[in-house]
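Heads up: the structure comes next, in structure tokens.
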Amino acid sequence: MQDTYDAQAVEREAQEFWESRASFRVTEDTSRPKYYCLSMFPYPSGKLHMGHVRNYTIGDVLTRYYRMRGYNVLQPMGWDAFGLPAENAAMSNKVPPARWTYDNIAYMKKQLKSLGFALDWDRELATCRPEYYKWNQWLFTRLFRKGLAYKKTGVVNWDPVDQTVLANEQVIDGRGWRTGAVVEKREIPMYFLRITAYAEELLSALDELPGWPEQVKLMQKNWIGKSEGVRVGFPYELDGRKETLWVFTTRADTLMGATFCAVAAEHPIALHAARSNREVREFVEECKRGAVMEADLAQLEKKGLPTGIFATHPLTGEKIPVWVANYVLMGYGEGAVMAVPAHDERDFEFAEKYGLPIKPVIRHALGDTVPAPWKPEYAEHGVCINSGKYDGMDFGQAVDAIAADLAAKRLGEKQTQWRLRDWGISRQRYWGTPIPIIHCPACGDVPVPEKDLPVRLPEDLVPDGTGNPLARLPSFYETKCPQCGKDARRETDTMDTFVDSSWYFARYACPDADRMVDERARYWMPVDQYIGGIEHAILHLLYSRFFTRAMRDEGLLPGLAEPFTNLLTQGMVLAESYYTEADGRREWVNPADVIVEKDAKGKVLAARRKSDGAPVVYGGIGTMSKSKNNGVDPQALIDRYGADTARFYTMFASPPTNTLEWSDESVEGSFRFLRRVWAFALAQHKAHKTTDVQKDARHEIHATLRQANYDMQRHQFNTVASACMKILNVLEKLPSPGTATAVEGLSILVRLLAPITPHLAHHLWRECGFGEDMLHAAWPEPDPAALEQDEVELVVQVNGVKRGTVRVPREADRAALEPLVTSLDFV
RNA sequence: GCGAAGGUGGCGGAACUGGUAGACGCACCGGAUUUAGGUUCCGGCGCCGCGAGGCGUGUGGGUUCGAGUCCCACCCUUCGCACCA
């Protein structure tokens, strides 16, 4: 055994050992319980970032932990390889996205291997390969024939200078990121997946996911947004034609207080008014400017204009004005709302601003009137007033009565409304899965027949930022109709990359299958533990739940509804940022190049740049980003301290679900700990062995182990790491090496460390003679004799009234304790 | 704007059911060893105070014998967004 801890040598040796034995290759084995541990696959952006290291270390700790407990564990890895950054890189480097992507994959794979993850690389997949995206296309054509995929118009961000569609990300403050031009909304035909067909099931099944964080389930529930209400019709006339303006409301009890209606700028009424009224036309134009991002729209000042059109109130017969308003969205519900200013905050503000009538129809906690300013009580349920025959009814009675009266007039009925909308998957971009549709002038939209799949994406194009190069490539889009054989045009839009990531977990079970998935998926699915960033709490996870059901209903995954049994959402990795300021311009300085000065108590006094000593300003803590130059390259960490230190640090520094704030100093502490472990093991290695048992130390080690076992179960890896440090502290204080307690303590410590620092554990396990391959060493199960509590709980009473409990060590001398609390009684 | 989560020393975090707040690590301070140290070891370390003591878990209230933990209001930070109907 070497005198000093040489991480690089230890890690090389362990990795070669695992490689030579194919330690992590797994097959279906029905004799053992299976455990499918999956981390969200990376986008091949170039190199690993700290978020990857954290994510995959969590997965690897669980993988190795379950392996040591005898499970048949699958941990695969692949690449979410389609997407926008590859096109951007292509534009700046003049290299095809494919080339850039494959180069990145090769480099990042090398990095992942250097971290020693227990991955089955035989199952690697990349979504940009035809063998993979063929099945995106295949499933799409199946869903298309079923009507679960369909075409309609959707709204996109349009850059009028580059004549191209922009992603939300490419719109900055309402302008195109390359051109600076004000972005416009534009409606274009797109393909949608009918996720709303599964809305009810996606919602109700959340109750049967005990292994998911409540927070994520709640966010999904709110996202799906089931609401029970009434669809109400307001008749109106347009150029002599009788029409009905339909709105949806959850507050039909307030219908008698509706004093106007508001429609979206894209609504037919608004468009009609725009033709004859210049003001309305300008307002509609104004609403079209700007991006489609809903978070931005929500913060716009509420504005509107009367359309000059009046609708008839379905109950009173009164004429009420129809306004066009920027806060009404065409994509939600009917694109129109009825406004009840007295009992809705937004309508209240709007009515106040434009002098529209406010008619209270509900008795609320503060009375029968609704004086400004707005009070939340106005929106609460109450008894109807000023509502004619509905006076005195409560919410439920009024809704029932009004819905019945509307139904009698054929102007309404009860309806369930969902917030969830169908999923638009068309992207006017090159680097994605081609949508397998052929547009035939005679036959219409024809799905590509199975025998012609995949529709291959040419891999040698270089986009230039002015639209999809596929649309300029006749050899791609010129084709024949598969039905009639006449000239036809192939669809050039590609799929949203969320399609790729909505089923990859099932493909890992059978990466070489000649079908989308085969029977091996029945063995491995569902994923037992899924790990990934909290930022995917809604979209990716919801789409995956939808896809699993769609695949189930295609007969691909019989009986499977939920893809992920347990979900762990890791927190973001954050870092401090610093900048220098000159002429009002900020230059961001990487934290690695900053020296921080502290006072005698460790408080930060000042910071300066290493190179020239220039003072730098603290820019706060935040996610690692290029713009703030505060990224920490994990490769530097691995090169300097080794993979085990990187792994130990990321586990130890913070509980997995919290944000992790980067700290160079703590890395050093982790490395120092591993070196101490090495030194202790070396001393045992050299020592003369005795059978001496140090009772107190042994007791403390086992107590710490029990706590660590418990913490591992609840995924508190940071306290497991702390437990390792505590055990070493105990071991180092033993009077002499080589005792039975020292040897047993070391074997416990190494086994506890094995999931976190597998290379070091592997090496010490062999050197200290515990066995050849520690992957087969059982996780230390608590000693049943010691399982009895380490502490006993004493109930403290005063005059017979329970005043709490006191925990004392089991060995504590009760007689010695009693005098300290003479006024109390122990029970 | 809406939905979700979180605020504990100089820092990351412990504290399981309401019961000694600050485990473990970092930083910092003191000491020892060392030719030296960005080494190792030992000790100290919430704040105020010479001290006795007082104050302390974002802020302000409340429940309780007892609150980091439960309730109400507010402030701040982070994540998500297809705004609300």
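All values reported here derive from a predicted model rather than from experimental measurement. Scope of the values below: all heavy atoms of this structure, side chains included, with no hydrogens, waters or symmetry mates. Residue numbering restarts at 1 for every chain, and letters A, B, ... go by the order of the sequence lines.
Base-pair partner of B:rG1: B:rC81 (Watson-Crick or G-U wobble, both distances under 3.5 Å). In this structure B:rA73 sits in a base pair with B:rU59, meeting the Watson-Crick or G-U test at under 3.5 Å. Remark: B:rA14 base-pairs with no nucleotide; criterion is Watson-Crick or G-U wobble with both hydrogen-bond distances under 3.5 Å. B:rG53: Watson-Crick or G-U partner is B:rC48, with both key distances under 3.5 Å. In a base pair of the Watson-Crick type (N1 to N3 plus N6-O4 or O6-N4) or a G-U wobble (N1-O2 and O6-N3), with each distance short of 3.5 Å, B:rG43 is matched with B:rC29.
Among the heavy atoms of the strands, none lies under 4.0 Å from A:Asp422. Using a 4.0 Å heavy-atom distance criterion, A:Val328 is classed as a base contact. When heavy atoms are screened at a 4.0 angstrom cut-off, A:Asn729 is found touching the sugar-phosphate backbone but no base atom. Within the 4.0 angstrom heavy-atom criterion, only backbone atoms of the sugar-phosphate kind lie near A:Asn658; the bases stay farther away. Among the atoms of the strands shown, base atoms are found under 4.0 Å from some heavy atom of A:Trp223. In this structure, A:Arg231 reaches neither bases nor backbone, as no heavy-atom distance under 4.0 Å exists between it and the strands shown. Heavy atoms of A:Gln716 sit under 4.0 angstrom from primed sugar atoms or phosphate atoms, though from no base atom. Contact annotation for A:Pro213: no contact, since no heavy-atom pair falls under 4.0 Å across all strands. The residue A:Leu420 sits close to a base: some heavy atom pair falls under 4.0 Å.
Comparing A:Leu218 and A:Glu535 against RNA chain B, the residue whose closest nucleotide sits nearer the 5' end is A:Leu218. Toward the 5' end of RNA chain B, the nearer of the two residues A:Ala723 and A:Leu660, judged by each one's closest nucleotide, is A:Leu660.
In the set B:rC79, B:rA5, B:rA15, B:rA5 carries the atom at the smallest distance from any side-chain atom of A:Gln215. Closest to the side chain of A:Ala653, from the set B:rC79, B:rG12, B:rC26, is B:rG12. Of the candidate nucleotides B:rG12, B:rA23, B:rU40, B:rG12 has the atom nearest to the side chain of A:Phe652. Of the candidate nucleotides B:rG38, B:rC79, B:rA27, B:rC79 has the atom nearest to the side chain of A:Ile534. When each of B:rC16, B:rG12, B:rC41 is scored by its nearest atom to the side-chain atoms of A:Tyr710, the top-ranked nucleotide is B:rC16. Nearest to the side chain of A:Arg676, among B:rC41, B:rG13, B:rU39, sits B:rC41.
One interatomic measurement links the two molecules: CD1 of A:Ile701 to P of B:rC24, which rounds to 16 Å at whole-angstrom precision. Spacing between atom CG of A:Asp344 and atom P of B:rC2 amounts to 12 Å, rounded to whole angstrom units. Atom NZ of A:Lys226 is separated from atom C1' of B:rG3 by 19 Å (rounded to the nearest Å). When rounded to the nearest whole Å, the span between CD of A:Glu345 and P of B:rC2 equals 8 Å. One interatomic measurement links the two molecules: CD of A:Glu668 to C1' of B:rU40, which rounds to 13 Å at whole-angstrom precision. Across the protein-nucleic acid pair, A:Asn168 atom CG and B:rC81 atom C1' stand 10 Å apart, rounded to whole Å. When the C1' atom of B:rG12 is taken as reference, atom CZ of A:Arg54 falls 11 Å away, rounded to whole Å.
OP1 or OP2 of B:rC2 has not a single side-chain nitrogen or oxygen of A:Asn222 nearer than 4.0 Å. Under 4.0 angstrom from either OP1 or OP2 of B:rC26 there lies at least one side-chain N or O belonging to A:Arg672. Look at A:Asn718 and you won't find any side-chain N or O under 4.0 angstrom from OP1 or OP2 of B:rG25. Between B:rU40 and A:Arg675, a contact under 4.0 Å exists linking OP1 or OP2 to a side-chain N or O.
Taking the six-membered ring for Trp and the full ring otherwise, A:Tyr354 and A:Phe350 have centroids separated by under 6.0 Å. Ring pair A:Tyr150/A:Tyr191: centre-to-centre distance not below 6.0 Å.
Minimum heavy-atom separation, A:Cys261 to A:Met338: SG-CA, 4.1 Å.
Taking 90° from 0 as the syn/anti boundary, the base of B:rG38 is oriented anti.
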Practice task
Please report the C-alpha distance between A:Glu345 and A:Tyr378 in whole Å, then the side-chain angles of each, then the deciding distance to 0.1 Å, and finally whether the side-chain hydrogen bond (donor to acceptor under 3.5 Å, both in side chains) criterion is met.
Solution key: CA-CA 8 Å; A:Glu345 182 171 9; A:Tyr378 300 169; over 6 Å; no
Exercise for the section: Under the side-chain hydrogen bond (donor to acceptor under 3.5 Å, both in side chains) rule, what do A:Asp644 and A:Thr757 come out as? Steps first, then yes or no, please. Expected result: CA-CA 5 Å; A:Asp644 279 343; A:Thr757 61; 4.8 Å; no
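Here the OH atom belonging to A:Tyr649 is positioned 12.0 Å from the OG1 atom belonging to A:Thr645, to the nearest 0.5 angstrom.
Checked by atom type and distance alone, the side chain of A:Lys185 pairs as donor or acceptor with a backbone atom of A:Cys287 at under 3.5 Å. For the pair A:Asn326 (side chain) and A:Lys303 (backbone), a donor-acceptor distance under 3.5 Å is present.
Taking atom C1' on both nucleotides, B:rG58 is separated from B:rG54 by 22 Å, rounded to a whole Å. With both ends at atom P, the span from B:rU69 to B:rU20 equals 14 Å, rounded to whole Å.
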